[in-house]
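Quick note: residue numbers are just sequence positions, from 1.
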Amino acid sequence: MAAEVSAGVRLTVDALNVNTAPNGGVTALTINHENQFYHAPIQFSISGEKAGGTLKLTDVTSNDAITAGWDIWFKPIDMFKVEIGDFKITLNQEKIDWYRTQSTIGNDDHNTGNLKLTLEPVEGFTFDAMVSSKWGSAWFKDAKTVAIAELESKGPKEDFKDAYVALVTGSATATWADLTDAQKAAYDEFYEEHESDIVDAYNDMLDDYIDDHDIDAAISELGFMMHYGADFGTVSAMFSANSNFKALKFGAGYAGSVDPFSFFVNVLGFTAAKYNDADKTAFDKVRVEAYAETTIDALSAKFWVPFEFKTNVDSDTKAIDKIALGFLARLDYTVGDYTLFLQTGNDSDFITKDFSMQIKPGVKFNVGECAVEAAVDISAKKDFSFSVPVSFMVKF
């Protein structure tokens, strides 16, 4: 059993920010300490042959320390793993900023709880079955549970009590504490005598509400993913159903290498509520994600190209507006103790009329135990913004 604790301090400074938007302006020297969940500066982990776990802590602008991630796993048998926690799985993930693929099941946003069962029957092959829902929220809720939540009902006795309080006081804001002892005793006597009728009326009200509002059981995300890797590369496939199986996602991916490049391609299909008819489901879009990277001596380069063709749109939509094409590039060049970098492009759509463009040159280096990154971040769309972000990180 191996245990590990890692900690650090990460601070950022917006040295200069210029925004030409109507509600923009000029600011300088804004110091921040908020770390997102993916920058959790404190992590505790333990791992053995049969089980392990991770706890991450981060900070927010309110000066509070909060949990940023939880994960527990165990293996009943060597080929079968159970994992519960805050994570996601993907067909393939770009390595520029590590978040852009839409081939995900689950989420690692520290708000989502996931249960994953992994089967590895032979070398190179993994199969994952996974369910996801918000922390503290059931993955499956029957129609009655959904209706009670929508009505904000507290049950027949408490709802009837609230109605009784409003009736005898003539006030919608009065509470049980506002009643006299005699009024409380009268309520308890009446409810005890008529409890069966009140409960029956409550259930009839729920049934009518469910029928009148076409309420169904609520089911959160259910997904399956497969990977098989061998000398030729890795092939992957996935299927995910969300929103009561009305939002489907399915696709396949391939990751491989051709010297000096390594690359992957994901091909995905989506369904969603039909345009102008939310009660129906329609095929929504096709998305292709392509990524490549290479390292030649001191230079490394990464390229990300997502393409979408949208079908679930108004019939008058022009063909050009059904297409979205993005391009993002990251170049890093190491000179001695310094790494110069340039990140540029648009990761969503170059074709749209008001497309945006990012140009972000910068440098990374260490001063003793402190890692420093400074950049000039220029974004041009309809408006223009210019910033100089600087980050400092010291790990213990």
What side-chain donor-acceptor pairs closer than 3.5 Å can you find for residues 144-158, not counting sequence neighbours?
unit_1, atom_1, unit_2, atom_2, d
Thr145, OG1, Asp142, OD1, 2.6
Glu150, OE1, Tyr209, OH, 2.9
Ser153, OG, Gly155, N, 3.1
Ser153, OG, Asp159, OD2, 2.6
Ser153, OG, Tyr202, OH, 2.6
Lys154, NZ, Asp162, OD2, 2.7

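- In this model, a donor atom of one side chain and an acceptor atom of the other lie less than 3.5 Å apart for His227 and Ser236.
- Residues Ser391 and Arg10 meet the side-chain proximity criterion, which asks for heavy atoms closer than 4.5 Å.
- The aromatic rings of Phe160 and Phe190 sit parallel, their planes meeting at an angle under 30°, below the 60° perpendicular limit.
- Panel note: side chain Trp98, backbone Gln93; no donor-acceptor pair is recorded below 3.5 Å.
- Pairing each heavy atom of Pro260 with each of Thr294, the nearest pair is O-OG1, 2.8 Å.
- Under the 3.5 Å distance criterion, with hydrogens and angles disregarded, a donor-acceptor pair is assigned to the side chains of Glu289 and Thr101.
- Geometrically, Lys161 engages Trp176 in a cation-pi contact defined by less than 6.0 Å to the ring centre and at most 45° from the axis.
- Separating the NZ atom in Lys322 from the NZ atom in Lys285 is a distance of 15.5 Å, to the nearest 0.5 Å.
- The nearest pair of heavy atoms linking Gln183 to Leu179 is OE1-CA, 3.4 Å.
- The number of heavy atoms from other shown groups lying within 6.0 Å of CZ (Phe309) is above 12.
- Ring planes of Phe127 and Phe224: parallel class, angle under 30° (limits at 30 and 60°).
- Looking at every heavy atom in both residues, Ser240 comes nearest to Ile105 through CB-CG1, 4.2 Å.
- In this model, a donor atom of one side chain and an acceptor atom of the other lie less than 3.5 Å apart for Asn114 and Ser132.
- By the neighbour-count criterion of 12 heavy atoms within 6.0 Å, atom CG of Asp297 is sparsely surrounded, having that number or fewer from other residues, nucleotides or ligands.
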Next on the checklist: Could you walk me through whether Asp78 and Lys50 satisfy the salt bridge (Lys or Arg N to Asp or Glu O under 4.0 Å) test, starting with their C-alpha distance in whole Å, then the side-chain angles of each, then the deciding distance to 0.1 Å, before giving a yes or no?
Outcome noted: CA-CA 8 Å; Asp78 288 342; Lys50 292 293 185 178; 3.2 Å; yes
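- Among residues at least two apart or in separate chains, salt bridge (charged side-chain N to carboxylate O under 4.0 Å, His left out) pairs with a member in residues 115-138 are Glu83-Lys116, Asp109-Lys134, Lys116-Asp128.
- Here the side chains of Val165 and Asp178 are not in contact, with every heavy-atom distance at 4.5 Å or above.
- Between the CD1 atom of Ile219 and the CG atom of Asn242 there is a distance of 10.5 Å, given to the nearest 0.5 Å.
- Rounding to the nearest 0.5 Å gives a distance of 4.5 Å between CE of Met225 and CG of Leu91.
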Item to check | Check against salt bridge (Lys or Arg N to Asp or Glu O under 4.0 Å), Glu373 and Lys364 | outcome: CA-CA 4 Å; Glu373 178 177 312; Lys364 296 187 295 184; 5.0 Å; no
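- For the pair Arg287 and Phe270, the NZ or CZ position fails the cation-pi test of under 6.0 Å to the six-membered ring centre and within 45 degrees of the ring normal.
- Of the residues Phe263, Phe264, Phe303, Phe327, the one that meets the ring-ring contact (aromatic ring centres under 6.0 Å, His included) test with Tyr291 is Phe264.
- Residues Ser300 and Thr295 come closest through the heavy atom pair CB-OG1, 3.7 Å.
- For CG of Asp314, the number of neighbouring non-hydrogen atoms (other residues, nucleotides, ligands) closer than 6.0 Å is greater than 12.
- Side chain to side chain, Lys302 and Gln343 fail the donor-acceptor criterion of an N or O pair below 3.5 Å.
- Within 6.0 Å of CZ in Phe239 there are more than 12 heavy atoms belonging to other residues, nucleotides or ligands.
- Of the inter-residue distances, the one linking Leu248 atom CG with Thr271 atom OG1 reads 3.5 Å to the nearest 0.5 angstrom.
- The distance from atom CD of Glu192 to atom CD1 of Ile198, rounded to the nearest 0.5 Å, is 11.0 Å.
- In this structure, Ile89 CD1 and Met238 CE are separated by 7.5 Å, a value rounded to the nearest 0.5 Å.
- Here the shortest heavy-atom pairing between Arg330 and Asp332 reads NE-OD1, 2.9 Å.
- A donor-acceptor pair under 3.5 Å is absent between the side-chain atoms of Trp304 and the main chain of Leu328, judged by distance alone.
- For the residue pair Ser171 / Thr173, a side-chain donor-acceptor distance below 3.5 Å is found, with atom types taken as modelled.
- Within a 6.0 Å radius of CG in Asp197, other residues, nucleotides and ligands contribute more than 12 heavy atoms.
- Between Phe261 and Ala292, the shortest heavy-atom distance links the atoms CD2-CB, 4.4 Å.
- Checking side-chain atoms of Asn266 against main-chain N and O of Asn92 turns up a donor-acceptor pair under 3.5 Å.
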